[in-house]
Amino acid sequence: LWKWLKESNLNEVTIFPANIQSEEYLKAALGYCRQFGIRAHIYLMNTQKLWGKDWTELLEGYGDVISGFDVWDEPNLESDLSSLPTRPDLEDLVPNIEYVLDNFPGTRITNTLWPNYATDAMIGLADGETYEDYVKAYCERIVDELPAGAERWVGTDFYPYYVERFDGGLLS
């Protein structure tokens, strides 16, 4: 699979905790990234530790393949308005952003906003608010507040060919 990714001209992969079964799996994935010249973008999942270890310890020796960190996937506009109360609201992202800036300077920090299929309740929109309000709030509360020199990214999932299961055919 890693060889196939490289042959498909992909040069970066995000490693999500759902795909990380163990510390050994993480190290193997990072090793394949190094072997095939693929950069690794690490998904923190709002945690500064995993398996009882700090991310600085887990990623020690892999600085050459680490491109950045996604601090959370799909934060809410306001957690108390959302039908999914386990999601953080935008301000909950700040500690992880500060953690990455302090411990992994020079790496990219991203956060993936809710995708195009999200409902108002999923995002946490109040009556009369739109997806545009959600993106604007993210930019004002998070992106604009990043320290000078930090890259500013706004990303969202988009599923133009939404199917029950992605089989990798798009890579072909």
Side-chain angles (χ1 to χ4, degrees), residues 11-31 33-34 38-118 121-126 129 131-159:
N11 58 13
E12 185 171 352
V13 62
T14 299
I15 300 176
F16 281 79
N19 297 332
I20 300 173
Q21 301 157 2
S22 65
E23 183 177 350
E24 292 75 27
Y25 182 93
L26 172 63
K27 302 288 184 181
L30 293 170
C33 284
R34 180 176 284 145
I38 298 171
R39 303 280 296 189
H41 195 76
I42 305 296
Y43 176 45
L44 290 182
M45 199 175 85
N46 212 29
T47 62
Q48 294 172 11
K49 291 187 174 194
L50 189 62
W51 305 303
K53 295 184 178 180
D54 188 275
W55 280 102
T56 56
E57 182 181 359
L58 286 168
L59 301 175
E60 187 175 1
Y62 293 97
D64 59 315
V65 298
I66 304 299
S67 60
F69 298 85
D70 193 284
V71 295
W72 190 275
D73 190 42
E74 301 172 344
N76 289 327
L77 183 58
E78 301 290 349
S79 58
D80 60 339
L81 296 175
S82 176
S83 63
L84 302 172
T86 58
R87 295 283 184 187
D89 66 23
L90 294 179
E91 280 69 24
D92 292 333
L93 306 177
V94 174
N96 281 338
I97 291 170
E98 291 171 346
Y99 174 81
V100 171
L101 290 171
D102 290 345
N103 292 285
F104 301 95
T107 57
R108 185 176 349 120
I109 299 170
T110 61
N111 173 243
T112 306
L113 300 182
W114 279 99
N116 59 317
Y117 68 76
M122 293 164 90
I123 296 172
L125 297 177
E129 289 183 317
Y131 189 86
E132 185 176 298
D133 293 318
Y134 172 59
V135 175
K136 182 179 178 186
Y138 175 73
C139 290
E140 290 173 351
R141 296 185 204 172
I142 303 299
V143 177
D144 292 348
E145 295 300 317
L146 290 174
E151 289 188 50
R152 288 159 167 79
W153 288 76
V154 177
T156 181
D157 293 337
F158 181 70
Y159 300 97

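If you're wondering where the values come from, they're calculated on a predicted model, not measured in any experiment.
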Enquirer: List the atom of E57, the atom of K27, and the distance in Å for their closest heavy-atom pair.
Expert: O-NZ, 4.1 Å

Enquirer: For the residue pair E129 and Y134, establish whether any side-chain heavy-atom pair is separated by less than 4.5 Å.
Expert: no

Enquirer: With heavy-atom distances below 4.5 Å as the criterion, would you say the side chains of L44 and L50 are in contact?
Expert: no

Enquirer: Quick one: are W55 and L58 in side-chain contact, heavy atoms under 4.5 Å?
Expert: yes

Enquirer: Drop me the distance from R34's CZ to R39's CZ, to the nearest 0.5 angstrom.
Expert: 11.0 Å

Enquirer: Let me know which of I97, L59, T110 forms a side chain to side chain contact (heavy atoms under 4.5 Å, CB included) with F69.
Expert: L59

Enquirer: Set out, in order, the CA-CA distance, both residues' side-chain angles and the distance that settles side chain to side chain contact (heavy atoms under 4.5 Å, CB included) for L26 and W51, then state yes or no.
Expert: CA-CA 11 Å; L26 172 63; W51 305 303; 4.0 Å; yes

Enquirer: Shortest non-hydrogen contact from T56 to Y99?
Expert: N-OH, 3.7 Å

Enquirer: Look at the side chain of T107 and the backbone N and O of S67, then say whether any donor-acceptor pair between them is shorter than 3.5 Å.
Expert: no

Enquirer: Working to the nearest 0.5 Å, report the span between CG of D54 and CD of E60.
Expert: 10.5 Å

Enquirer: Test your reading of the model: is there a side-chain donor-acceptor pair from Y138 to the backbone of P75, 3.5 Å cut-off?
Expert: no

Enquirer: Any non-hydrogen side-chain atom of N96 less than 4.5 Å from a side-chain atom of I109?
Expert: no

Enquirer: Is there a side-chain contact between R108 and E12, using heavy atoms and a 4.5 Å cut-off?
Expert: yes

Enquirer: Taking L30 as the fixed residue, which of I38, D64, V65 is the one that meets the side chain to side chain contact (heavy atoms under 4.5 Å, CB included) rule?
Expert: V65

